[in-house]
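Naming: A, B, ... by sequence-line order, numbering from 1 per chain.
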There are 2 protein chains.
Amino acid sequence: MNDVGCHSPLVRKFQALGPWTDSELLALGSFGSRRRRLGAHQAIFHERDASDEAYLVQSGWTCVYKLLPDGGRQVISFPLPGDIVGISGLFLDGAQFSFESLTPVELSPISTATLLNGAMASSNVARAVRWSVARDSAILVEHLVNVGRRSALMRTAHFILELAHRLRLIGAERAGEFACPVNQYWMADALGLTAIHLNRVLRELREAHLVTLRAGHVSIHDYEGLKDLAVFDGDYLSPPKRVGWP
Amino acid sequence: MNDVGCHSPLVRKFQALGPWTDSELLALGSFGSRRRRLGAHQAIFHERDASDEAYLVQSGWTCVYKLLPDGGRQVISFPLPGDIVGISGLFLDGAQFSFESLTPVELSPISTATLLNGAMASSNVARAVRWSVARDSAILVEHLVNVGRRSALMRTAHFILELAHRLRLIGAERAGEFACPVNQYWMADALGLTAIHLNRVLRELREAHLVTLRAGHVSIHDYEGLKDLAVFDGDYLSPPKRVGWP
DNA sequence: CGGTTCGTTGATCGTGCTCAAGGCTAGTGG
DNA sequence: CCACTAGCCTTGAGCACGATCAACGAACCG
């Protein structure tokens with residue numbers, strides 16, 4: 001059963017939280033038992049949909065956002081493989097946001113029962129879920145700081161570094177290079193900028209030899225420089241190092 | 001034991017999630033067994049502090065924020081009586097933000113063990129905690145939308161309406177009137193504005209006969225008008241109406 | 001009284017938005 | 001092979017929302 005981990009981004013993400021026994025891996029695996037494939041730019045759920053299921057992203061890029069009546073859009077997050085979307089919706093009256101695929105994706109719906117049973121069955125699974133939820137919250141907080149108080153340049157740099165770190169954790173980043181199939185419109189809507197201004201910011205970052213984003217691919221040329229610019233500290237993204245954690 | 005609820009803002013907040021048995025109220029009450037009083041503007045914990053405890057606010061206004069190296073400050077939330085702060089910090093390497101009192105406050109530290117035991121002991125308590133965490137996340141998402149995509153005027157109106165709704169749930173708002181001991185500097189740092197600009201926005205709202213904020217007191221003169229301006233829908237703040245919820 | 005905190009206003013500046021266009025590439029159908 | 005389209009990226013010119021800098025007023029409190 002250990003080979004569950006070889007292909008599951010969830011297990012990969014949770015590995016550092018281990019050690020995992022085979023039966024626990026089996027419990028984790030139950031989160032991925034059902035699978036759904038979807039093409040690019042397909043809605044998965046909409047704001048206010050009553051939701052009895054969360055979704056584990058198995059592969060592909062996705063996007064969580066809210067629309068405003070004036071046509072504006074705020075991207076909340078870009079869930080990546082190993083991320084679970086919509087847990088909070090299970091405990092509220094419905095989803096607070098819309099969720100869709102940006103690329104072709106593979107999703108595993110997780111029912112409330114599956115989630116709670118998994119957590120009941122194994123305290124390690126419960127820990128992992130709690131960590132995952134807490135981490136998502138930390139990412140959201142950092143996103144708020146980004147949009148509320150950082151300049152467009154710092155904000156963009158910070159966002160790219162966060163993506164790089166998250167992708168590294170699931171093995172989708174190497175030596176400052178990674179695929180990023182998010183166009184400038186979506187990215188601008190995440191950063192609270194217009195696509196036009198973001199384009200200029202990206203040019204600035206490129207001309208400063210810090211990072212290049214082209215054709216859906218990101219190359220970080222000067223990691224330290226970028227980190228200094230953004231005042232980035234990625235500790236909030238990594239599994240906790242504390243011993244005996246709850 | 002039922003009089004626990006009479007004075008506990010936590011029980012008041014969770015009432016609509018009921019029905020609660022006496023023993024469950026007792027379990028909830030255990031979250032408030034310890035008490036700490038603090039004066040105004042006292043630090044409760046700082047960013048990066050290792051934290052083994054969350055805090056239930058029993059009375060007074062508090063503030064969660066992050067500082068930036070350039071001296072900037074982003075307020076994440078203003079936890080009110082009945083709100084629990086720092087749960088996510090229990091499951092990460094440390095707190096992701098600073099937490100302090102704005103007024104004299106009464107706090108109940110909640111250890112990780114107390115929190116988890118309370119949830120294990122009663123599924124209603126577990127439900128309530130899950131709802132509370134999910135609601136905090138929904139508030140955070142709305143805050144991000146506010147700062148990222150709404151104009152200063154809409155943003156401010158939305159913020160005031162959210163406060164009014166939250167205060168109503170704990171019985172601290174009546175007929176559009178409530179105390180709000182948050183000065184314009186703190187409020188501006190929540191809204192991603194400067195205090196100077198916020199001051200002008202508040203004047204605009206006052207001159208439009210929508211809402212007045214003066215001397216720590218808010219008077220909403222035209223609730224519908226304010227709601228239309230902000231395109232506010234407070235459903236995310238109320239206890240879920242779904243039956244048989246998890 | 002003087003000090004401190006908070007609110008208010010004016011003048012000016014600049015980051016990032018708006019509107020408008022054009023270019024590049026891939027895909028499609030003639 | 002060449003139009004033609006559709007996304008997406010890029011650039012320019014001008015404007016506006018909100019920031020910055022600089023005071024001053026009001027309330028409170030020692």
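Following rounding to the nearest Å, A/Tyr185 (OH) and D/dT10 (P) show an atom-to-atom distance of 11 Å. One can place CG of B/Leu191 at 15 Å from C1' of D/dC17, the figure rounded to the nearest angstrom. When the C1' atom of D/dC17 is taken as reference, atom CG of A/Leu193 falls 15 Å away, rounded to whole Å. Distance CG (B/Asp189) to P (C/dC6): 13 Å, rounded to an integer number of Å. B/Leu213 has its CG atom 12 Å from the C1' atom of C/dC6, to the nearest Å. At whole-Å resolution of the value, CG in B/Leu198 and C1' in D/dC17 are 15 Å apart. Atom NE2 of A/His217 and atom P of D/dC9 are 15 Å apart (whole Å). Rounding to whole angstrom units, CE of residue A/Met187 and C1' of D/dC9 are separated by 13 Å.
Counting non-hydrogen atoms under 4.0 angstrom, A/Gly192 reaches the backbone sugars and phosphates but no base. Using a 4.0 Å heavy-atom distance criterion, B/Ile196 is classed as a base contact. Among the heavy atoms of the strands, none lies under 4.0 Å from B/Gly216.
For D/dT10, the OP1/OP2 oxygens have a side-chain nitrogen or oxygen of A/Gln184 closer than 4.0 Å. The phosphate of D/dC9 has neither OP1 nor OP2 within less than 4.0 Å of any side-chain N or O from A/Asn199. Contact annotation: B/Asn183 reaches the phosphate of C/dC6 (side-chain N/O to OP1 or OP2, under 4.0 Å).
The ring of A/Phe232 has its center closer than 6.0 angstrom to the ring center of A/His165. With ring centers used as reference points, A/Phe159 lies 6.0 Å or more from A/His143. Between A/Trp186 and A/Tyr65, a ring centre-to-centre spacing shorter than 6.0 Å is recorded.
For A/Glu53 and A/Ser111, the side-chain atoms include no donor-acceptor pair closer than 3.5 Å. Checking A/Ser101 against A/Gln42 by side-chain atom types alone, no donor-acceptor pair falls below 3.5 Å.
Minimum atom distance to the side chain of A/Arg206 is reached by D/dT10, of the listed D/dA19, C/dG7, D/dT10.
The base of C/dG10 is paired with the side chain of B/Arg200 by a donor and an acceptor separated by under 3.5 Å.
Between B/His41 and A/Thr194, the residue anchored closer to the 5' end of DNA chain C is B/His41, taking for each the nucleotide with the nearest heavy atom.
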